[in-house]
Every structure is written in structure tokens, then in C-alpha cells.
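In the text below, chain A, chain B and the rest are named by the order of the sequence lines, each starting its count at 1. All values derive from a computational prediction rather than experimental measurement.
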Amino acid sequence: MWDDLFQSVNYLQTGLNGTWKRNEVITNNIANDDTPGFKKSDVEFESLFAQALQSDELDTQSASDYSNNDLLSTIEPVVTKNEDSAYRYDENNVDIETEMTSLAKNSIEYYTLVSKMNSEFSKLSTAITGQ
Amino acid sequence: MSFLSSMDISASGLTAQRLRMDIISQNIANIDTTHTESGDPYRRQYVVLKEMGSDSFDSYLDRAAESSSSSGGVEVSEIADDMTDFQLVYDPDNVDANEDGYVEKPNVELSTEMVDMISAYRSYEANVTAFNAYKNMAVKALELGS
């Protein structure tokens, strides 16, 4: 029961972890905007999360327990280095416009998740206190 | 990944870009310096940046293990001398002029320096924006559950 209670909070937590890590990686890309030979990194966790969620739904349909809940909460954001491309003569592939856009987008995603999580908590609080 | 490591990354970017600005300023200030301590004209300097920790043991281990590498920011690996030739200018009255009346002027190009300065300035701004984005996220994280 407690697992169910905090299920959405756990989902949101995965999102918060992922966007937090992505912010760190984007910051590093921006800091190395002028470093010769530097290759940018990306963070991927949405697709992993979607995959896990899909298998979770299948399990639920077959009336089994939330067996993949653990799987969902253990999803770690994966950092990949983009080694292939080079925009400039110095072999650096950081496009500052792309990075700034990703930064803004990522921040908004993070804010959205935080406010969603806060509303989950206030819902729980309402259910507990009844007011 | 520590809680405030992104701030250190942005700070390293700010430090590196500020040093670039310092060196550019020095180049512009010495654009007409024909006589330095060594007796030569002023030689243009430039900053070489590298990813912080990219040659550390940790990063080699990460690469060998193909795990996600730890990100550490940027650092200045050296302040190098630009070894391009000095410009020769005819100015026989100058005390540094050679017997033909030519003076060796520093290899500083004002337009190059100005372009580099804008580049450093914009990169500095980008780091400030990243820093603020991170700061706002961290403040938001503290509001969780409130």
C-alpha cells in the first residue's frame, strides 16, 4: 500500500534526478565552449524510463504485482559523449545556442516536476488530514 | 555528483574566460610596445584551455570502464606565446629602429583581439546564465514538499 501511495512521487523523483544530472552536463558543455578538442555530452533517461514504464504497465494488466516498481526507481541517467561531430576547426562540437536552449528547457522541466511533486505531497496531506 | 558541483563547473568557466579577458587586455595594452625586458618587441600571448581532469587517473579509469565520465569544468593549461613574425614598420626616428630605419612591432592584431574579446565576453555571459539556472533549480529543490 505504501508503495502505491508514493508511486507518483517515485516516478517524479526519477525525472528530478535525470534533469538535475542533465543540468550538470550542460553546464560542463558551456564551460568548455572554447576548449579545443572538447566533445559535448548528453544525458538520456526519458527513453529508459518509458521502456521500464511500458513493461510495468504490461505487468499490471496481467494482474501481477507492481514488480517493476523497483526497476523504475533504480533508473539512472546515462551520460553519453558525442564523439562523432565537429563544428569548428578546433574539433570542438559545442554549439552554444543548442546548449543554452537545452539549459532553459531543462530548467523548466525541473520546475514542472517540482511543482507536480509539491501538488502530490499536498494531495497526500489532504488525504491524511482530511482537510 | 555532489549537490553543488555544477556551481564549481560554472565558476571554472568564469575564471578561465576572465583570464582570457586579462590576456587580451594585456595584448591590446602592449600593441605598440617595441621594447620589453628581453629587448624584443612584445609578443602576443594566448590562453590554451582544456577540460578539467581530462588527463587525470579517474578519467582514464572511467574511459576504460566505459562508464559515464565525471565532468569537472574547464582549466587553463597554458598561456602560450604567439610565435608569428613581428611586423616591420618604417620609422627611422624610433630608438628601436634598425640601421635601415625599420622597427619591429608586436605581432598583435587589434581586430583579432577584439573578436577574441567578444568571444570571451559571450562565453562569460553563458557561464553566468548556466550558474543562475542551476542556482534557481537548487532553490526550487529546497521548496520540495513545502
Chemist: Let me know if B/R122 has heavy atoms under 4.5 Å from chain A in its side chain, its backbone, both or neither.
Modeler: neither
Chemist: Taking A/M100 as the starting point, is it possible to reach A/I26 by hopping between hydrophobic residues whose side chains are less than 4.5 Å apart?
Modeler: yes
Chemist: Below 4.5 Å, heavy-atom pairs only: which of B/V74, B/L14, B/V48 has the largest tally toward chain A?
Modeler: B/V74
Chemist: Rounded to the nearest 0.5 Å, how far apart are CZ of A/F38 and CG of A/D33?
Modeler: 9.5 Å
Chemist: Would you mind telling me which of B/T34, B/N27, B/T33 makes a side-chain hydrogen bond (donor to acceptor under 3.5 Å, both in side chains) with B/Y42?
Modeler: B/N27
Chemist: For the residue pair B/V108 and B/E113, what are the closest heavy atoms and their distance?
Modeler: CG1-CG, 3.7 Å
Chemist: Is any residue of residues 111-120 of chain A within less than 4.5 Å of chain B by heavy atoms, and which ones?
Modeler: A/Y111, A/V114, A/M117, A/N118
Chemist: Using the side-chain contact (heavy atoms from CB on, under 4.5 Å) definition, which of the options A/N82, A/N92, A/D95 pairs with A/K40?
Modeler: A/N82
Chemist: So which part of B/A138 gets closer than 4.5 Å to some heavy atom of chain A, the side chain, the backbone, both or neither?
Modeler: both
Chemist: Please confirm whether the backbone N or O of A/D42 pairs with a side-chain atom of A/R22, one donor and one acceptor, at under 3.5 Å?
Modeler: no
Chemist: Heavy-atom cut-off 4.5 Å, strictly under: side chain, backbone, both or neither for B/A141 against chain A?
Modeler: both
Chemist: Using only heavy-atom distances, determine whether the side chains of A/E44 and A/T80 contain a donor-acceptor pair under 3.5 Å.
Modeler: no
Chemist: Do you know which of A/I30, A/L16, A/L124, A/D34 has the most heavy-atom pairs with chain B at a distance under 4.5 angstrom?
Modeler: A/D34
Chemist: Search all heavy atoms of A/V9 against all heavy atoms of A/F121 and return the closest pair with its distance.
Modeler: CG1-CZ, 4.0 Å
